[in-house]
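To keep things clear, I will list the structure first and then write my remarks on it.
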Amino acid sequence: VVFRASANQGQSKPTGNVKTIKLLVNGQVAATYQNPPQVKSGQTDFTISLASLAEGIVILKAIAFQGDEKAGHQGSSPELAITLDRTAPVITSKITPAANGYGWHRIDVQIVWTASDNLSGVATVSPDVTVTQEGAGQIFVGTATDKAGNTVSTTVTINLDKTAPTLTATITPLPNTAGWHKSDVEVSFTGQDALSGLDIVSPAVVVGAEGANQVVTGTATDKAGNTSTTTVNVSLDKTVPIITATMLPLPNAAGWHKENPTITFAVSDTLSGIASLIPEQAVVAVEGTSSVTATATDHADNSVSNSW
């Protein structure tokens with residue numbers, strides 16, 4: 001701190017014949033200058049260091065004595081109050097929304113910097129930041145400066161993944177050309193995520209119940225909480241068709257025909273439906289005891305043969 005003593009202009013002899021100047025800090029004498037320069041004009045500077053003083057408000061004052069201090073002839077400067085602040089401000093960050101348990105976000109993130117300073121007060125603080133770019137380990141720096149020029153910086157790390165994972169389903173075995181299965185089907189799911197990584201993928205599902213267009217759904221979730229869903233349809237028919245036969249004319253009471261009988265075959269299938277029936281009709285023209293066989297196949301490739 002510099003104290004400046006100025007001469008009274010126009011006086012014919014040195015100003016006031018000052019013998020002693022005392023510099024007071026918070027009411028205590030911090031420095032004494034004996035027989036300071038006697039000037040008729042201009043000014044004289046006196047310097048005192050405040051490096052050893054504690055932070056806070058410091059009141060400075062100068063007292064000038066003419067002759068012996070005990071004589072009581074003195075003059076004083078106005079008090080000057082200054083604030084010593086050597087401590088950097090405190091800066092904190094608020095991240096909205098908060099990261100999940102894996103430290104990831106899946107939507108845009110806002111960083112708000114807040115600073116406080118108990119002495120000189122905050123002069124500047126970094127503006128808020130909205131993070132929209134995906135990426136891992138993105139570092140953002142916030143800085144605060146107080147009115148004394150002390151500066152502090154802090155960083156936050158943001159992991160942002162807004163992209164859902166990819167998910168594919170695999171059906172084993174594959175359906176036939178008609179889109180049907182005749183044995184149990186396994187549907188497995190495979191997920192990929194290039195940024196935050198996979199967290200959960202649905203386990204494989206075994207379809208054992210018969211039915212058409214049964215929906216099997218799988219889900220994949222990454223560590224940021226993004227979710228993908230996929231579905232597949234499974235048509236399963238494990239039951240063979242049912243064949244019935246009608247014979248005309250009917251045999252006599254002894255079980256014999258005297259004319260060539262005609263056997264007409266019919267088939268039913270309640271799920272995948274009939275793909276083929278061979279033959280649909282047969283005429284028995286050979287004498288003796290004989291049999292006729294019909295074969296039916298459904299769209300799931302289940303096949304049955306019956307003889308009459």
Side-chain angles (χ1 to χ4, degrees), residues 102 106 161 163-194 196-251 255 257 260-286 289-308:
Y102 289 109
R106 64 184 181 91
D161 180 1
T163 303
T166 59
L167 180 63
T168 56
T170 301
I171 300 174
T172 306
L174 293 174
N176 64 12
T177 55
W180 281 88
H181 299 265
K182 66 175 183 177
S183 61
D184 290 352
V185 179
E186 182 182 76
V187 181
S188 58
F189 300 96
T190 302
Q192 291 183 326
D193 191 272
S196 60
L198 287 173
D199 184 21
I200 300 173
V201 179
S202 295
V205 176
V206 175
V207 181
E210 294 182 297
N213 295 317
Q214 300 178 78
V215 177
V216 179
T217 300
T219 301
T221 303
D222 63 21
K223 292 180 179 178
N226 301 297
T227 298
S228 291
T229 300
T230 189
T231 60
V232 294
N233 293 330
V234 174
S235 296
L236 177 59
D237 181 0
K238 299 187 285 186
T239 304
V240 298
I242 298 174
I243 303 174
T244 58
T246 302
M247 183 183 297
L248 291 175
L250 294 173
H257 296 268
N260 295 340
T262 299
I263 303 175
T264 302
F265 300 101
V267 65
S268 63
D269 190 276
T270 58
L271 275 178
S272 59
I274 299 303
S276 65
L277 172 62
I278 302 173
E280 294 183 1
Q281 192 176 72
V283 176
V284 180
V286 178
T289 301
S290 60
S291 64
V292 177
T293 299
T295 300
T297 304
D298 62 19
H299 286 294
D301 296 330
N302 298 298
S303 183
V304 64
S305 295
N306 293 335
S307 297
W308 284 265

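When reading the values below, keep in mind they use all heavy atoms of this one structure, side chains included, and skip hydrogens, waters and symmetry mates.
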Practice item. Give, for atom CG of Asn302 and atom CG of Asp269, the distance between the pair rounded to the nearest 0.5 Å. Key: 7.0 Å

Review point. What heavy-atom pair brings Ile243 and Ala294 nearest, and what distance separates the two atoms?
Key: CD1-O, 3.5 Å

Review point. Which pairs pass salt bridge (Lys or Arg N to Asp or Glu O under 4.0 Å) with one or both residues in residues 205-233, sequence neighbours excluded?
Key: none

Point to revise | side-chain contact (heavy atoms from CB on, under 4.5 Å) assessment of Asn233 paired with Val215 | key: CA-CA 5 Å; Asn233 293 330; Val215 177; 3.4 Å; yes

Practice item. Working to the nearest 0.5 Å, report the span between OG1 of Thr166 and CG of Asp193. Key: 7.5 Å

Review point. Could you give all pairs that pass the salt bridge (Lys or Arg N to Asp or Glu O under 4.0 Å) test and reach residues 295-308, with sequence neighbours left out?
Key: none

**Study point:** Residue pair Thr227 / Thr221, side-chain donor-acceptor N/O under 3.5 Å
**Key:** yes

Exercise for review: Nearest 0.5 Å please: distance from the OG1 atom of Thr163 over to the CG atom of Asn226.
Suggested key: 7.0 Å

Practice item. Output the distance between atom CG (Leu167) and atom OG1 (Thr190), rounded to the nearest 0.5 Å. Key: 8.0 Å

Practice item. Provide the closest heavy-atom pair for Pro173 versus Ser183 in the form atom of the first, atom of the second, distance. Key: CG-OG, 4.2 Å

Check your understanding: Measuring from Arg106:CZ to Ser196:OG, what's the distance to the nearest 0.5 Å?
Key -> 11.0 Å

**Study point:** Exercise: identify the closest heavy-atom pair between Pro249 and Asn260
**Key:** CD-O, 4.2 Å

Exercise for review: Applying side-chain contact (heavy atoms from CB on, under 4.5 Å), run through His257 and Val284 and close with a yes or a no.
Suggested key: CA-CA 10 Å; His257 296 268; Val284 180; over 6 Å; no

Check your understanding: Around atom CD of Gln192, are there more than 12 heavy atoms of other residues, nucleotides or ligands at under 6.0 Å?
Key -> no

**Study point:** Shortest non-hydrogen contact between Pro279 and Ala282, atoms and distance
**Key:** CG-CB, 4.4 Å

Practice item. For the pair Asp184 and Lys238, evaluate side-chain contact (heavy atoms from CB on, under 4.5 Å) and give the outcome as yes or no after the intermediate values. Key: CA-CA 8 Å; Asp184 290 352; Lys238 299 187 285 186; 3.0 Å; yes

Review point. What's the spacing between Leu236 CG and Leu271 CG if we round to 0.5 Å?
Key: 8.5 Å

Point to revise | Heavy-atom closest pair, residues Ser235 and Gly179 | key: CB-O, 3.7 Å

Review point. Do any pairs count as a ring-ring contact (aromatic ring centres under 6.0 Å, His included) and have a residue in residues 289-308, sequence neighbours left out, and if so which ones?
Key: Phe265-Trp308

Review point. Which heavy atom in Pro241 sits nearest to a heavy atom in Val267, and how many Å separate them?
Key: CB-CG2, 3.6 Å

